[in-house]
Amino acid sequence: MIKIIFLGKVVSWKIQSDHEEIMENLNQLLAVKKEKLAKIRELGVDPYPTRCKRTHKIELLLDNKDKFVSSEEIITISGRLKAMRRQGKVGFGNLSDDSGNIQIFVKKDKVGEANYEVFKLLDLGDFVQIEGTCFFTQRGEFSIRAQKVTVLGKSLLPLPTVKEKVVDGKKERYDEFSDIELRYRKRYLDLLLNPEVKRTFQIRALIIKEIRDFLDKRNFMEIETPILQPLYGGAQARPFITHHNTLNIDLYMRIALELYHKRLIVGGIERVYEIGKNFRNEGMDRTHNPEFSMLELYQAYADYSDMMDLTEDMMLHLAKKVFNKESITFGKTEINFKKPWKRASMIELIKDECGFDASDFDFDKIRDFGNKNGIELDKTAGSGKYIEALFEKMVEPKLIQPTFVIDFPKEISPLAKVKPGHPNLTERFELFINGNEFGNAFTELNDPEEQRKRLNAQSRLRELGDVEANVVDEDFLEALEYGMPPTGGLGIGIDRLIMLFTNNSSIKEVILFPQMKPIE
RNA sequence: GGGGGUGUAACUCAGUGGUAGAGUAUCUGCCUUUUAAGCAGAGAGUCGACGGUUCAAAUCCGUCCACCCUCACCA
């Protein structure tokens, strides 16, 4: 034990030799790798060189096998060593970069004794550079014959070994890295060992790119609005609270993008969109992560019908760009995006499904029917919340093909404009596909006095104990008082959209680093 | 939060009260066109954590932790 002074503090430091450290703290596999690392250095080779070289990506070689074999061109590839089959004075391996996987062939005679010694010290997972020429082995496998093997980066921890065998044209995997918890906690291993995971995130990136492309072409302007907000709003949800030291105030992480976007519509930007994260301090499960990505867009001089048209076009665009067709397959279900999609009012759908007519908004009648169907809501609930609950329980799971559910109760839509001639309803729709909600849109309320009344009503609900009710945002109301044009707004949950397009039923599969509890 | 399930070697998994196992990976030896390379040998474990029952616990009981499924709430 030795004591040293570090930044003015006395720190105790237990000194251990490398050997003791290995014996005491590390398992055998790590010790072996550290020994190999030391041996490489003893051979005068830098296991972490500053420069590397790559003349060809592996995919390029695989796509032009005959050409590279006949030209005998000397090429240099770099990648991670994924397999090793050594046999005496010759060895085979597999090298992967992000474009593909190729067999390498290293022969002692060819690379020389010293270089072969380095090759023998390589492990699975090491980064390696191979210089050589392409050829076909006796078994006919396209390979690169090394003239020189260079270590680019030695790994110290063993990569789980996944092996594959082709049986009847299908790849069979052995010792797959499949522990779900480990896959999420160590996503880098998941990506490395499970190719379909990488595919999921490639599709995710493509979808987001195509959404931008679609909206940019329609003259929407991409914007960024605050994540840290003095007041939160735009959705029914509980927020995360954080603190700013200099201002000495609590701030909220946004739960929606809506209120800032509408300020920009007031400011004369007629079409805006944002793809960003929202944060909701609520339960976590297969379809909920505390932070999740949303697309929101607002279009001046438009209403919810325009938003339905836009949604249809956008989803169709995505299906065509990702799968090159107008439908996708989720599980065993074919989802068809061909226009036009069904548009039906919430109350009609309830009537069709249960034979119950809620159009008169008779609270006692609706609550009794809800109770009979196992729906019990707290005392702040009016007929609107009961209608929504009935819909969610009885109708929602049955909406498999894309369906716009339109005309929501005013009670649960404090930011949407009333439907003309129907004082209890608003011009609002939610999009349902495969029994899940994918989008939410309104003809936006632009009457500042009406908006104030609605938010005040929310505020009263909050006082009665509704923790998800909206708060009154005076700055937003003031913006409306300067005048907002008629506007249509739309929100789409990106993560769920990715789930649908990648055939995943857990949100954790489409978020690179999903929230997990820390390990004790 | 309720209910159900899982947790054993680096990975995938056997193991129902009596000396902790297999395949892969790792190490040693042999092997100059292999490919889930092969053959021979070796090392490797806090059996999720803590407590209890027992002569004896991976195994039975209890508590806790993590993850999965499901229900409730939410996007």
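Here is the naming used below: chain letters follow the sequence lines, and residue numbers restart at 1 for every chain.
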Sorted by chain and number, sequence neighbours left out, side-chain hydrogen bond (donor to acceptor under 3.5 Å, both in side chains) with A/Asn373 holds for none
Which residues, if any, of residues 175-183 of chain A bring a heavy atom under 4.0 Å of RNA chain B? A/Asp175, A/Glu176, A/Ser178, A/Asp179, A/Ile180, A/Glu181, A/Leu182
Is it true that A/Glu282 and A/His288 share a donor-acceptor pair across their side chains at a distance under 3.5 Å? no
Taking side chain to side chain contact (heavy atoms under 4.5 Å, CB included) as the test, write out the residues that go with A/Pro195, two or more places apart. A/Arg173
Separation of the C1' atoms in B/rG15 and B/rG62, to the nearest angstrom: 24 Å
Just how far, in rounded Å, is P of B/rC68 from CD1 of A/Ile507? 13 Å
Closer to the 5' end of RNA chain B via nearest nucleotide, is it A/Lys107 or A/Thr161? A/Thr161
Does a distance-only test, which skips hydrogens and angles, find a donor-acceptor pair under 3.5 Å between the side chain of A/Thr137 and the base of B/rU34? yes
Nearest whole angstrom, please: distance from the C1' of B/rC67 to the NZ of A/Lys508. 9 Å
If the condition is salt bridge (charged side-chain N to carboxylate O under 4.0 Å, His left out), which residues does A/Lys36 pass it with, not counting sequence neighbours? A/Asp123
Determine whether A/Phe92 and A/Val106 make a side-chain contact, defined as any pair of heavy atoms from C-beta on separated by less than 4.5 Å. no
For A/Asn436, the side-chain hydrogen bond (donor to acceptor under 3.5 Å, both in side chains) test, sequence neighbours excluded, returns none
For the P atoms, the ones on B/rA25 and on B/rC11, what distance do you get once it is rounded to whole angstrom? 15 Å
To the nearest angstrom, the CG-P distance between A/Asn440 and B/rC74 comes to 14 Å
Rounded to whole Å, how long is the line connecting atom CZ of A/Phe92 with atom P of B/rU35? 9 Å
For A/Lys277, give me all partners under salt bridge (charged side-chain N to carboxylate O under 4.0 Å, His left out), at least two apart in sequence or on another chain. A/Glu291
Determine whether A/Ile77 and A/Asp97 make a side-chain contact, defined as any pair of heavy atoms from C-beta on separated by less than 4.5 Å. no
Can you check whether any acceptor in the base of B/rU34 is under 3.5 Å from a donor in the side chain of A/Glu141, or vice versa? no
Quick one: do the A/Ser345 and A/Asp407 side chains pair a donor with an acceptor below 3.5 Å? no
Base, sugar-phosphate or nothing for A/Gln103? Non-hydrogen atoms, less than 4.0 Å. base
Short side-chain N/O contact from A/Arg185 to OP1 or OP2 of B/rC67, under 4.0 Å: yes
Can you tell me the Watson-Crick or wobble partner of B/rG1, both distances under 3.5 angstrom? B/rC71
Expected output is a numbered-order residue list: members of residues 371-389 of chain A with a heavy atom under 4.0 Å from any atom of RNA chain B. What is it? none
Residue pair A/Thr487 / A/Glu444, side-chain donor-acceptor N/O under 3.5 Å: no
Identity of whatever pairs with B/rU34 - Watson-Crick or G-U, under 3.5 angstrom: none
Rounding to the closest angstrom, what is the interatomic distance between B/rA10 and B/rG45 at atom C1'? 12 Å
A/Ser413 and A/Arg428: side chain donor to acceptor below 3.5 Å: yes
Assess A/Arg187 against A/Phe513: is NZ or CZ under 6.0 Å from the centre of the six-membered ring, and within 45 degrees of the ring's axis? no
Tell me the interatomic distance from A/Asn94, atom CG, to B/rA36, atom C1', rounded to whole angstroms. 12 Å
With a 3.5 Å cut-off and no angle check, do the side chains of A/Glu176 and A/Tyr174 form a donor-acceptor pair? no
Between B/rG18 and B/rC60 - C1' atom distance, rounded Å: 15 Å
According to the side chain to side chain donor-acceptor pair (under 3.5 Å) rule, which pairs have a member within residues 74-85 of chain A, sequence neighbours left out? A/Arg85-A/Asn94, A/Arg85-A/Gln103
Protein-nucleic acid N or O pairs under 3.5 Å, nucleotides 27-29 of chain B:
residue : atom : partner : partner atom : Å
B/rC27  : OP1  : A/Lys36 : NZ           : 2.2

Go through residues 392-406 of chain A and report each residue with a non-hydrogen atom lying under 4.0 Å from RNA chain B, sorted by number. none
Kindly say if A/Lys163 contacts the phosphate of B/rA37, meaning a side-chain N or O under 4.0 Å from OP1 or OP2. yes
What integer distance in Å separates A/Arg286:CZ from B/rC74:C1'? 14 Å
Tell me what A/Asn278 touches on the nucleic acid: a base, only sugar-phosphate, or nothing, going by heavy atoms under 4.0 Å. nothing
Report the residue (A/Lys517 or A/Arg280) whose heavy-atom-nearest nucleotide on RNA chain B is the more 5′ of the two. A/Lys517
Please give the nucleotide sitting opposite B/rG17 as a Watson-Crick or G-U wobble pair, both distances under 3.5 Å, or none. none
Could you work out which one of B/rU70, B/rA10, B/rC74 sits closest to the side chain of A/His288? B/rC74
Under a 3.5 Å limit for both distances, which nucleotide forms a Watson-Crick or G-U wobble pair with B/rC50, could you say? B/rG62
All side chain to side chain contact (heavy atoms under 4.5 Å, CB included) counterparts of A/Pro226, not counting sequence neighbours: A/Gln229, A/Tyr260
Rounded to the nearest 0.5 Å, what separates atom CD1 in A/Ile207 from atom CG in A/Leu497? 5.5 Å
For residues A/Lys33 and A/Ser155, is any side-chain donor paired with an opposing acceptor at under 3.5 Å? yes
If I take atom NZ in residue A/Lys89 and atom P in nucleotide B/rA37, what distance separates them, rounded to the nearest angstrom? 22 Å
Length of the line joining A/Lys82:NZ and B/rU35:C1', which is rounded to integer Å: 15 Å
Over all strands shown, is A/Tyr184 touching base, sugar-phosphate only, or nothing at heavy-atom distances under 4.0 angstrom? sugar-phosphate
B/rG29 -> Watson-Crick or G-U wobble partner, both distances under 3.5 Å, gives B/rC39
Tell me which nucleotide among B/rC68, B/rA37, B/rA36 gets nearest to the side chain of A/Arg85. B/rA37
Counting heavy atoms not belonging to A/Lys148, are there more than 12 under 6.0 Å from its NZ? no
If the P atom of B/rC47 is compared with that of B/rU8, how far apart are they to the nearest Å? 11 Å
Are any protein N/O atoms closer than 3.5 Å to N/O atoms in nucleotides 1-4 of chain B? If there are, list each pair with its distance.
none

Has the side chain of A/Arg145 got a donor or acceptor atom sitting under 3.5 Å from an opposite partner on the base of B/rU33? yes
Can you tell whether the side chains of A/Glu353 and A/Lys398 come within less than 4.0 Å, N to carboxylate O? yes
Within the structure shown, what part of the strands sits under 4.0 Å from A/Met294 by heavy-atom distance: base, sugar-phosphate, or nothing? nothing
Once you measure the plane-to-plane angle for A/Phe391 and A/Phe432, does it fall in the parallel (<30°), tilted (30-60°) or perpendicular (>60°) bin? perpendicular
B/rG4 to B/rA44 separation - C1' atoms, rounded to the nearest Å: 36 Å
